[in-house]
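A short write-up of the structure that comes next.
The analysis underlying the following values was restricted to heavy atoms, covering all of them including side chains, and did not include hydrogens, waters or symmetry mates. When a ligand or atom number is given, it counts from 1 through the structure's own listing order.
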Amino acid sequence: MHVSHLSLADFRSYARAEVPLDPGVTAFVGPNGQGKTNLVEAIGYLATLGSHRVSSDAPLVRMGADRAVVRAAVVQGERRQLVELELNPGRANRARINRSSQVRPRDVLGIVRTVLFAPEDLALVKGDPGERRKFLDELVTARSPRMAGVRSDYERVLKQRNTLLKSAAMARRHGGRSMDLSTLDVWDQHLARAGAELLAQRLDLIATLLPLADKAYEQLAPGGGPLGLAYKCSAGESVDSGAARTREALYEVLLAALGEVRKQEIERGVTLVGPHRDDVLLRLGELPAKGYASHGESWSYALALRLASYELLRSEGGEPVLILDDVFAELDARRRERLAELVAPGEQVLVTAAVDDDVPGVLVGARFGVSGGEVTRL
Ligand SMILES: Nc1ncnc2c1ncn2[C@@H]1O[C@H](COP(=O)(O)OP(=O)(O)OP(=O)(O)O)[C@@H](O)[C@H]1O
Ligand SMILES: [Mg+2]
């Protein structure tokens, strides 16, 4: 698929922007702080309902405005669709498809598909477990948009269960009446059910992604690997080994693990087991990448994960838009050329760079200058 037109209203630094786009490579070039990333961030938002830079919507709305609109015309083979999201920080966002009446924002998932690689991705390797969980869950949702519903069910159940645990912890501390634990049993089952579904998808994703990531790393940095991805499950080792993979089996594992930590949970007032506490251990050769890999190796690792995501999505459901935000400046000349050759044949590749020279020669295509809030075709 590709995006044939992007319209913004009060998104980030843009009061308005209209950007016609073609398939193939498009580069946005301009000095720092002019709004290049803002453009590709908007396209990424349509694909994930989130920004790769911030966790809330408020910074995405232009200072002084109270809502932002991102709209894209999307071409998938013969099919044309118009998707629109209205961001209303503090209130519910709204969505429309083909100008029709309102749909839920999550209904637009799957229309715009992107893989976005940006400097922030270094956190995939060096950052907290939450960064890796976000990576997995966004990709799980891109593979299967109905997982957006499972994820929000899980979040809701987790929140309610934590509230219950917190009041149980309070009651204990203040010598109050002990809680009726049968209520907690019901929440355990809800949590284990949504959790098992998410866990099954994450495990399947990791198994599918590893060979692709390994291959991408080898192409970028020959002889530097191999890569290893090991899922660290808060519910115990039995899940890491890969023995139990079906949803039913994972449900039982989660339920049993919740049973084991219940006493601690009631003492501490939080849910200690479940996908929200898991992590992925990234290995480079014999060593963990986090804490050991060099800056350049970490950067290539993160890039390999994104290129693997791109291969995976294109093999499963048509080509996503590949977005490379400011990545070439960070790479040495050889890795830059290799990356450019790998991505050049993509259906649509959007690149941002501060200077023209940072865009490798093989990436021929449209160029836009971005400066002072204007996006002009060069
Ligand atoms: N909500 C907002 N309202 C108004 N301006 C904003 C908002 N959010 C960001 N900006 C402005 O947008 C600019 C940053 O744009 P962007 O990140 O797209 O720059 P860039 O061209 O990618 O720069 P670089 O080359 O440094 O990556 C900043 O000047 C920032 O102040
Ligand atoms: Mg930028």
Note to self: Under a 4.0 angstrom heavy-atom cut-off, which atoms of ligand 1 come close to Gln34?
What the structure shows: 19 (O), 20 (P), 21 (O)
Note to self: Contact between ligand 1 and Thr352 is defined here as a heavy atom of the residue under 4.0 Å from a ligand atom; is it met?
What the structure shows: no
Notebook entry, point to check: Counting each atom of ligand 1 from 1 as listed, which ones have a heavy atom of Gly35 under 4.0 Å away?
Noted result: 15 (O), 16 (P), 18 (O), 19 (O), 20 (P), 21 (O)
Note to self: Under 4.0 Å and counting heavy atoms only, is there anything from the protein next to atom 31 (O) of ligand 1?
What the structure shows: no
Notebook entry, point to check: Going by heavy atoms, is Val370 under 4.0 Å from ligand 1?
Noted result: no
Note to self: Students should be able to answer this: which protein heavy-atom is nearest to atom 26 (O) of ligand 1, and at what distance?
What the structure shows: Asn32 ND2, 3.2 Å
Next item on the list: Considering the heavy atoms of Arg53, write down every atom of ligand 1 situated less than 4.0 Å from one of them.
Entry: 17 (O)
Next item on the list: Indicate whether any N or O donor in one side chain lies under 3.5 Å from an N or O acceptor in the other, for Tyr45 and Asp57.
Entry: yes
Check: Non-hydrogen atoms of Ala354 versus ligand 1: any pair closer than 4.0 Å?
Finding: no
Note to self: If only side-chain N and O atoms count, and only distance matters, is there a donor-acceptor pair under 3.5 Å linking Arg335 with Ser300?
What the structure shows: yes
Item checked: 2.8 Å cut-off met by an N, O or S atom of Thr37 to the Mg ion (ligand 2) -> yes
Notebook entry, point to check: Which ligand 1 atoms are under 4.0 Å away from a heavy-atom of Met63?
Noted result: 1 (N), 2 (C), 3 (N), 4 (C)
Check: Which residue owns the protein heavy atom closest to atom 18 (O) of ligand 1, what's the atom, and how far is it?
Finding: Asn38 N, 2.8 Å
Notebook entry, point to check: What protein heavy atom sits nearest atom 22 (O) of ligand 1, and how far away is it?
Noted result: Thr37 OG1, 2.7 Å
Next item on the list: For atom 5 (N) of ligand 1, grab the closest protein heavy atom and report residue, atom and distance to one decimal in Å.
Entry: Ser13 CA, 3.6 Å
Margin query: If the cut-off is 4.0 Å to any non-hydrogen atom of Val61, which atoms of ligand 1 fall inside it?
Written below: 1 (N), 2 (C)
Next item on the list: Using a 4.5 Å cut-off on heavy atoms from C-beta on, say whether the side chain of Tyr301 contacts that of Leu227.
Entry: yes
Check: Ignoring hydrogens and geometry, is there a side-chain-to-backbone donor-acceptor pair from Asp332 to Arg334 under 3.5 Å?
Finding: yes
Note to self: Please determine whether a side-chain nitrogen of the Lys or Arg among Glu120 and Arg53 lies less than 4.0 Å from a carboxylate oxygen of the Asp or Glu.
What the structure shows: no
Margin query: Using 30° and 60° as the class boundaries, would you call the ring planes of Tyr154 and His276 parallel, tilted or perpendicular?
Written below: tilted
Check: Heavy-atom count around Arg146 CZ within 6.0 Å, excluding the residue itself: above 12?
Finding: yes
Checklist line | Close N or O approach (Gly33, ligand 1; < 3.5 Å) | finding: yes
Notebook entry, point to check: Is it true that Glu311 and Arg314 make a salt bridge, defined as a side-chain N closer than 4.0 Å to a carboxylate O?
Noted result: yes
Check: Should the pair Glu86-Arg96 be classified as a salt bridge under the 4.0 Å nitrogen-to-oxygen rule?
Finding: no
Checklist line | From Lys36, Glu41, Arg12 - option closest to atom 2 (C) of ligand 1 by heavy atom | finding: Arg12
Note to self: Taking only non-hydrogen atoms of Pro59, do any sit less than 4.0 angstrom from ligand 1?
What the structure shows: yes
Checklist line | Sub-4.0 Å protein heavy atom next to atom 9 (C) of ligand 1 | finding: yes
Notebook entry, point to check: Can you tell which part of Asp326 has a heavy atom less than 4.0 Å from ligand 1: side chain, backbone, both or neither?
Noted result: side chain
Notebook entry, point to check: So, does Arg283 use its side chain to make a donor-acceptor pair with the main chain of Glu286 at under 3.5 Å?
Noted result: yes
Next item on the list: Could you verify whether a donor N or O on one side chain and an acceptor N or O on the other, from Arg367 and Thr26, lie under 3.5 Å apart?
Entry: no
Notebook entry, point to check: Below 4.0 angstrom, N of the basic side chain to O of the carboxylate: do Arg132 and Asp278 qualify?
Noted result: no
